[in-house]
**Q** 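Pasting in a structure now, in structure tokens, and then I'll have a few things to ask.
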Amino acid sequence: MKKKLIVVLIALSAASVLLSGFAIVSVQRSVENLYYLIQLHQAAGLREILLARLEGVQEDLTLKGTRFARNLDALVSHASEMSVALDTCLTCHHSEQVQVRLQTLHDKGETFKLALSRINTVKINATMLREDKDKVFHLGEELIEEVDGMVITTNRKMMKLTRETFDRVNRFRVVLFLLVILAPMMVIGVAVWIFVSFTKPVSSLLKATSRLKEGDLDYRIEGLKDEFGELAGSFNEMSGSLKELIASRAHTEQMALMGEMASRLAHEVKNPITGIKLSIQVVLDEIDLDEEHSDLLMKTLEQIKVIELLMQNLLNFARPPSSHMEMEDLNHVIDNTASAMEIILQRRSHPPEKAGKVVLARDLADGIPMIMADAVHLQQVLLNLMLNAVDAMPKGGTLTVRSFKTPEDGFWRVEVSDTGEGILPEHADRIFNPFFTTKPKGSGLGLAICKRLVEQDGGRISFRNNEGDGTTFCLHIFNDPGNGVRRS
Ligand code: ADP
């Protein structure tokens, strides 16, 4: 917008400078032409006078010796008037070329004048007089012809110059007319353009702010360009972040409420369950039951243990144990957890079940420094991720645990990957929500607790579906003394 405005103003200024320049040059040229025209008029007048004088003298010469001949004084007077006219012509300002021609004419005029005074004053015989008179007459004719030619040339020049001057004045008039008509129109046009360019985006922005005020966080401003486009971009980003913020606040509040409910429920259920468990234990210990009834009570006890575990998970989620951060060897913690997982895997296959074989692979980076971590939390999270990975590979596969340093930010990461079924896109947003599960006997609390523990210890957890099969869960560990500690 700013650029466009500058371009339009420069274009306007350039147009007005050009038109004004043209008008000034036209006026100056017209004035010069008029001045030259006046000079030409003067020269033409002088040449006419010279021609008249020459013709007068020539007439005197023709009449000389006849009864119409003028007296000597008149002849002398005409000759000197011609001489004055020649001198005046010479004093006029002309171009160098014309000046040379006038000088030649002047010299010829002087010769003519001398020859004229000779035939008027010197006594010579009649034959010689006639010969001299003829010569003088021819000289006079030549002069007349030459001056006549000059008069015609001057007149032609005058006509040409007059036409040119008229044309110039006409062009100037058109430019003036355009200036008078177009200038206000251009100014009005630019004013309208500026008005529209500013009011349209401003009203879009106003509309967007009022929609935002009404709570429409999905409203986005479209179609604005330049600085207004940037402003609209920032506005859209702002409403997006606002929406995310509100959603995350709502989620946090929801989680807190859920945690509160879960913890109450766990407490309420815990006492009756303990009572039932003790009663069953007493019946089992003190009454001699047959095998069938004793099996039944044993199964009931096992189911009660499942309920207790669920209650413990609920409590863990609602009030996770506080963190005990210490300097830990990351690879050591991973290795311990992997070993525990290997035992679980061995138990799974002895006695053999329907499940396929899961191979556990370690890919641990060398030279990991000691990092600040809660080893118990870390182990709990890793074990949960590994158990989920095994659940995702009912037909067997490879479970890989990996530690590495990211080249981009220099922080350490731990990844748990499987070659299982992967996570459906429609589940991706929900897997960290409490009670979300796709397993028939799942609680849906594992990942929610993992997320809570990891974030409580200053890390982050994310996941991605692998290019081939399966999923990778990633723990981002920011508590590395070598890199400083960052809370995400
Ligand atoms: P639960 O294991 O009790 O279902 P979790 O919170 O641990 O609860 O997991 C939630 C859901 O996330 C699981 O039911 C499953 O659908 C999905 N999930 C977790 N880990 C994996 C994995 N490695 N591969 C595929 N799906 C997974």
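Just the heavy atoms: all of them, side chains too, but no hydrogens, waters or symmetry mates, feed the values below. As the structure lists them, so they are numbered: ligands from 1, and atoms in each ligand from 1.
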**Q** Could you check if a side-chain atom of F172 sits within less than 4.5 angstrom of a side-chain atom of V27, using non-hydrogen atoms only?
**A** yes
**Q** Provide, to 0.1 Å, the distance between atom 26 (N) of ligand 1 and the closest protein heavy atom, together with that atom's residue and name.
**A** I423 CG1, 3.4 Å
**Q** With a 4.0 Å cut-off on heavy atoms, is S443 touching ligand 1?
**A** yes
**Q** Among A392, C450, G444, which one puts a heavy atom closest to atom 1 (P) of ligand 1?
**A** G444
**Q** Which one holds for D391 and ligand 1: side chain close, backbone close, both close, or neither close, with close meaning a heavy atom under 4.0 Å?
**A**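 No part of D391 comes within reach of ligand 1.
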**Q** To the nearest 0.5 Å, tell me how far M386 CE sits from I334 CD1.
**A** 8.0 Å
**Q** So does R29 pair up with E164, basic N to acidic O under 4.0 Å?
**A** no
**Q** If you round to the nearest 0.5 Å, how far is CG of N170 from CZ of R168?
**A** 12.0 Å
**Q** Say you draw a straight line from CD1 of I307 to NZ of K270; how long is it, rounded to the nearest 0.5 Å?
**A**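 Atom-to-atom, I307:CD1 and K270:NZ are 14.5 Å apart.
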**Q** Rounded to the nearest 0.5 Å, what's the gap from NZ on K395 to CD on E421? Could you check?
**A** 9.0 Å
**Q** Would R413 pass as a cation-pi partner of F411, given that its NZ or CZ must be under 6.0 Å from the six-membered ring centre and within 45 degrees of the axis?
**A** no
**Q** Do you know the tightest heavy-atom contact between T400 and T398?
**A**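 For T400 and T398, the tightest heavy-atom pair comes out as OG1-CG2, 3.8 Å.
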**Q** Please list the nearest protein heavy atom to atom 11 (C) of ligand 1 with its residue and the distance rounded to 0.1 Å.
**A**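 Result for atom 11 (C) of ligand 1: F436 O, 4.0 Å.
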**Q** Regarding R362 and E342, does a basic nitrogen lie under 4.0 Å from an acidic carboxylate oxygen?
**A**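 Counted as a salt bridge, because a side-chain N and a carboxylate O are separated by less than 4.0 Å.
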**Q** Counting each atom of ligand 1 from 1 as listed, which ones have a heavy atom of G442 under 4.0 Å away?
**A**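 The list of qualifying atoms is 3 (O).
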**Q** Rounded to the nearest 0.5 Å, what separates atom CZ in F432 from atom CD in E455?
**A**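 Here the rounded value is 9.0 Å.
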**Q** Yes or no: does F473 have any heavy atom under 4.0 Å from an atom of ligand 1?
**A** yes
**Q** Answer side chain, backbone, both or neither: which part of T437 comes under 4.0 Å from ligand 1, heavy atoms only.
**A**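 For T437, the contact with ligand 1 is made by both the backbone and the side chain.
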**Q** Flag L447 as yes when one of its N or O atoms lies below 3.5 Å from any N or O atom of ligand 1, and as no otherwise.
**A**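 It does: an N or O of L447 is found under 3.5 Å from an N or O of ligand 1.
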**Q** Would you say E421 has any N or O atom under 3.5 Å from an N or O of ligand 1, going by distance alone?
**A** no
**Q** Using heavy-atom distances, let me know which of V390, L445, N388 sits nearest atom 20 (N) of ligand 1.
**A** N388
**Q** My understanding is that we take every heavy atom of each candidate and find the minimum distance to atom 13 (C) of ligand 1. Doing that for N465, L424, T438, which one comes out nearest?
**A**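 Minimum heavy-atom distance to atom 13 (C) of ligand 1 goes to T438.
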**Q** Quick one: which ligand 1 atoms are inside 4.0 Å of a heavy atom on G422?
**A**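 That gives atoms 25 (C) of ligand 1.
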**Q** Looking only at protein heavy atoms, identify the closest one to atom 2 (O) of ligand 1 and say how far it is in Å.
**A** K439 NZ, 2.7 Å
**Q** So which heavy atom in the protein is nearest atom 12 (O) of ligand 1, and how far is it from that ligand atom?
**A**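 The closest heavy atom on the protein side is I431 CG2, 3.6 Å.
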